[in-house]
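These numbers were taken from a predicted model, which means no experiment stands behind them. Count residues from 1 along the sequence.
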Amino acid sequence: MGVLNMKVLLHICCAPCSVMCIDELKKDNYEVTGYWYNPNIHPFTEYKSRMECLKEYSKMINLEVIYNDVYGLVEFTKNVIDNLNNRCDYCYKERLENTVKYAKENNFDAFSTTLLISPYQKHDKIKNIGEELSLKYDIKFIYKDFREYFRKGQNKARELSLYMQKYCGCIFSEQERYLKK
């Protein structure tokens, strides 16, 4: 159970994944502010579609969101190309560290991420990175296993006609999407 008025900066990967995370954090009495930082999402049209969808959704629910609008194709690929099998590790750490730095510099009490809702993500890795960054920056990491709410959140997102992406975000995950078929 959260502490009333504890200010949490929630890293948001996309609007559909945020639906139930926001609901559950608010239910636990956290004061939630969204944070968009996803330089991993490619191509540019996908990046823009996801960000615009979050802007629409945040207006619907009256959620303040900070947009760190960085389309990072070059930087992202430069940092993962020599180790594609571990690209997610880099991606999680890059996004969460950017989030925690912003949270610390702007007087938030804690941080978390919507990545914790997806059954397709490396959940333990995300949790470990969040906990490491919590210690490094001396700010609380709100860990909650949101995966049980994934389908409910996806259904709610469809009811709201939110843009539903078909892959995690990076160009390599898009390729995997097609190779698996």
Check: Tyr92 side chain, Lys122 main-chain N or O, donor-acceptor pair, under 3.5 Å: yes

Looking at every non-hydrogen atom in both residues, tell me the closest pair between Ile142 and Ala110 and how far apart they are. CG1-CB, 3.7 Å

Quick one: does Leu63's side chain get under 4.5 Å of Ile12's, heavy atoms only? yes

Could you walk me through whether Tyr163 and Glu52 satisfy the side chain to side chain donor-acceptor pair (under 3.5 Å) test, starting with their C-alpha distance in whole Å, then the side-chain angles of each, then the deciding distance to 0.1 Å, before giving a yes or no? CA-CA 9 Å; Tyr163 171 72; Glu52 292 307 314; over 6 Å; no

Starting from the C-alpha separation in whole Å, work towards a yes-or-no answer on side chain to side chain donor-acceptor pair (under 3.5 Å) for Asp109 and Tyr30. CA-CA 10 Å; Asp109 301 305; Tyr30 291 112; over 6 Å; no

For the backbone of Arg147 and the side chain of Asp145, can you confirm whether one donor and one acceptor N or O come within less than 3.5 Å of each other? yes

Minimum heavy-atom distance Met60-Leu160, with the two atoms named: CE-O, 4.1 Å

Taking the side chain as everything from C-beta on, heavy atoms only, tell me whether Thr99 gets closer than 4.5 Å to Thr113. no

Going by an N to O cut-off under 4.0 Å, is there a salt bridge joining Asp89 and Lys125? yes

Kindly work out whether a path of hydrophobic side-chain contacts (I/L/V/M/F/W/Y, heavy atoms less than 4.5 Å apart) joins Ile61 to Val8. yes

Tell me, please, whether Tyr143 has Lys127 positioned over its six-membered ring: NZ or CZ under 6.0 Å from the ring centre and within 45 degrees of its axis? yes

Test item: Gln165 and Cys53 side chains (from C-beta on) under 4.5 Å apart, heavy atoms: no

Contact between Glu64 and Val32 at the side-chain level, heavy atoms closer than 4.5 Å - yes or no? no

Honestly curious: do Val80 and Val74 fall in one hydrophobic cluster under the side-chain, below-4.5 Å linking rule? no

From the options Arg87, Lys93, Glu94, select the one residue that forms a side chain to side chain contact (heavy atoms under 4.5 Å, CB included) with Tyr90. Glu94

Closer than 3.5 angstrom, by distance alone: can the side chain of Lys104 be matched with the main-chain N or O of Asp138 as a donor-acceptor pair? yes

Let me check something: do Phe44 and Ile41 share a hydrophobic cluster, defined by ILVMFWY side-chain heavy atoms less than 4.5 Å apart, either directly or through other members? yes

Do Asn40 and Tyr47 pass the side chain to side chain donor-acceptor pair (under 3.5 Å) test, and can you show the C-alpha distance, the side-chain angles, and the key distance before you say yes or no? CA-CA 9 Å; Asn40 61 303; Tyr47 175 86; over 6 Å; no

Using modelled atom types and a 3.5 Å cut-off, is there a donor and acceptor pairing between side-chain atoms of Tyr57 and backbone atoms of Ala15? no

Please say yes or no: joined through hydrophobic side-chain contacts below 4.5 Å, possibly via intermediate residues, are Tyr67 and Leu162 part of one cluster? yes

Closest non-hydrogen contact found for Arg50 with Cys14 is CD-CB, 4.5 Å

Phe141 versus Glu131, closest heavy-atom pair with distance: CD2-N, 3.8 Å

Tyr102 side chain reached by Ile66 side chain, heavy atoms, under 4.5 Å: yes

Is the shortest heavy-atom distance from the side chain of Ile139 to the side chain of Phe111 under 4.5 Å? yes

For the residue pair His11 and Leu115, establish whether any side-chain heavy-atom pair is separated by less than 4.5 Å. yes

Heavy atoms of Ile117 and Cys21 approach each other most closely as CB-SG, 3.8 Å

Return the orientation label for the Phe150 and Tyr120 ring planes: parallel under 30°, perpendicular over 60°, tilted otherwise. perpendicular

Is the number of heavy atoms from other residues, nucleotides or ligands within 6.0 Å of NZ (Lys152) greater than 12? no

Can you find a heavy atom in the side chain of Leu96 that is under 4.5 Å from one in the side chain of Ile126? yes

